[in-house]
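Notes follow the structure.
Keep in mind it's a predicted model, so treat the numbers as computed, not measured. Just so you know, ligand 1 is whichever comes first in the structure, and atom 1 is the first atom listed for that ligand.
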Amino acid sequence: MVDGMDNSPASSQLEAKEFLRPILFGLAEEDLDVLARAAVVRVFAPGDVICREGELGDVIYFIVGGRVEIVKQVDEGIERHLHYVGPGEYFGEIAILQEGPRVATVRAVEPTTTLEVGQKPFLTVLGRSPSLGIRILVRMTDRLRDADQQAIDELRRANVELTRMLHQLERLDRTKSDFIRVSAHELRTPVASLMGYTQMIQDNPIVTEHADLRTLVQGVRAGAERLHRVFNSILDLSRLMTEGVEVRRSPVSLPVILRGVHTEFKQALEERSLDIKIVGVDELPFYIGDPDMLYKVFYHLINNAIKYTPDGGRITVTGKVVEASDLGQCVEVVVEDTGIGIAPGDIGLIFEKFYRTGEVELHSSGTTTFKGGGPGLGLAIAKGIVQAHGGLIWAESSGCDEEACPGSKFVVQLPLETL
Ligand code: ADP
């Protein structure tokens, strides 16, 4: 009940009228009477929801005592505080003006008493008092402006925080990359010695004449070579990422490069019964770029095509000159396979360093075996090199499916005219 109000209806009505008078100042006596007659007193405990966002609203609330919080749902389970409202203020007018659902949730934060007035009497009075209409409009506009300002301030704060976190992540990423680079550098030297020594052991007559020993030493050498390749890839990538790359420009024959890569993988292709076709590359013009770097691009793309295509599959490498909308005239080389394909969610991420898809622990360890292991650096290196040449690289695939094998397509475009 309104403080000090006695229990007789006439007295309650009188008090409600006196309470509403300053809030709705300028209202005619008879209109105040209409509202006071319709007013119902309600009491809420802290935490009580007075009205809920989305529910239909057909009353307006005038706060007699206490305090309420107005919040809006921004996401599942996440609320955004809009403002607190206290004695002498009102809320809930928007839903009844719009004759629609509540636009926010209102919750009592203290023991709260309200006067509740129904839609019909309120709209009747409003229809007779343009000045009340204008005051409500002004108040709504002020609140909207406040809410806008609040949202802008929150966005600004979130932006500052995101920028700070981004810088922190960049710093951490640099520290991690430095650590990996230094480790790769330090470890590459003993691994190179290991390769040298195993070569010497391999050539020793005791080993050459002993089949078991030969197999063991070959195993050690293969492992050392693999480690050496991983360390080289890490160093390649860290050079590409940190120092920027110096592209040594000279005329490059792409057919020679592609055939070189083909030859390097000849044995693996045979072992895996993979058919490779290199189409149209002989007609390509000389490209002015860095031959060693470009070799690595196609090495990694063809190596991946081998790794992610089941035995008996097909790899097609196509070369042509195209007019690309972003780069102008380009050499375009496409490496396409009939392999497991790439899931849409992974396609934008596979060019990130150390990113590998699927269940990594299930990958086998060979570099050319089906789903063979790799450190997840090949595509990051390829991207760094292509970008250093001013070109573009991207992947296309309709999805990842080890049964249906939809295949993947990697496109490299190298501009002919920027050099
Ligand atoms: P990795 O050393 O793992 O091969 P890459 O950077 O070369 O690293 O490739 C990143 C990931 O992209 C791979 O782990 C693989 O999941 C996916 N990928 C690359 N090429 C292909 C391809 N031709 N078909 C299917 N998936 C591929």
Electrostatic pair E209-R214, nearest N-O below 4.0 angstrom: no
Tell me whether ligand 1 is touched by K353 - counting only heavy atoms on the residue side and a distance under 4.0 Å. no
Pick whichever of N304, I347, L377 has a heavy atom sitting closest to atom 19 (C) of ligand 1. N304
Taking non-hydrogen atoms only, is L301 closer than 4.0 angstrom to ligand 1 via side chain, backbone, both or neither? neither
Check this for me: does any side-chain nitrogen of one of K277 and E336 sit under 4.0 Å from a carboxylate oxygen of the other? no
So is there a nitrogen or oxygen of L379 less than 3.5 Å from a nitrogen or oxygen in ligand 1? yes
What do you reckon, does I340 have a nitrogen or oxygen under 3.5 Å from a nitrogen or oxygen of ligand 1? no
Taking the six-membered ring of Y287 as reference, does the cationic atom of R249 (NZ for Lys, CZ for Arg) lie under 6.0 Å from its centre and within 45° of its axis? no
Side chain or backbone of H300 under 4.0 Å from ligand 1, or both, or neither, by non-hydrogen atoms? neither
I need the atoms of ligand 1 closer than 4.0 Å to a non-hydrogen atom of G376, numbered in the order shown. 1 (P), 2 (O), 3 (O), 6 (O), 8 (O)
Got a sec: does the CZ of R229 have more than 12 other heavy atoms crowding it under 6.0 Å? yes
How about CD1 on I206, more than 12 heavy atoms from neighbouring residues, nucleotides or ligands closer than 6.0 Å, or not? no
May I ask you to identify, for I342, whether its side chain, its backbone, both or neither come under 4.0 Å of ligand 1 on a heavy-atom basis? side chain
Atom indices of ligand 1, in the order listed, that fall short of 4.0 Å to a heavy atom of S408: 22 (C), 24 (N), 25 (C)
Ligand-residue contact atoms, ligand 1 with G378, heavy atoms, under 4.0 Å: 5 (P), 6 (O), 7 (O)
Does G339 reach ligand 1, in the sense of a heavy atom lying below 4.0 Å from it? no
Are R188 and F231 in a cation-pi contact, defined as NZ or CZ under 6.0 Å from the six-membered ring centre and within 45° of the axis? no
Have E89 and Y84 got a donor and an acceptor in their side chains that come within less than 3.5 Å? no
Whether the Q413 and E332 side chains hold a donor-acceptor pair (N or O, under 3.5 Å, no angle test) is what I'd like checked. yes
For K307, the ligand 1 atoms with a heavy-atom partner under 4.0 Å come out as 1 (P), 2 (O), 4 (O)
So with a 6.0 Å cut-off around CD of E161, is the heavy-atom count from everything else above 12? yes
Within the 4.0 Å heavy-atom cut-off, what F351 brings close to ligand 1 is neither
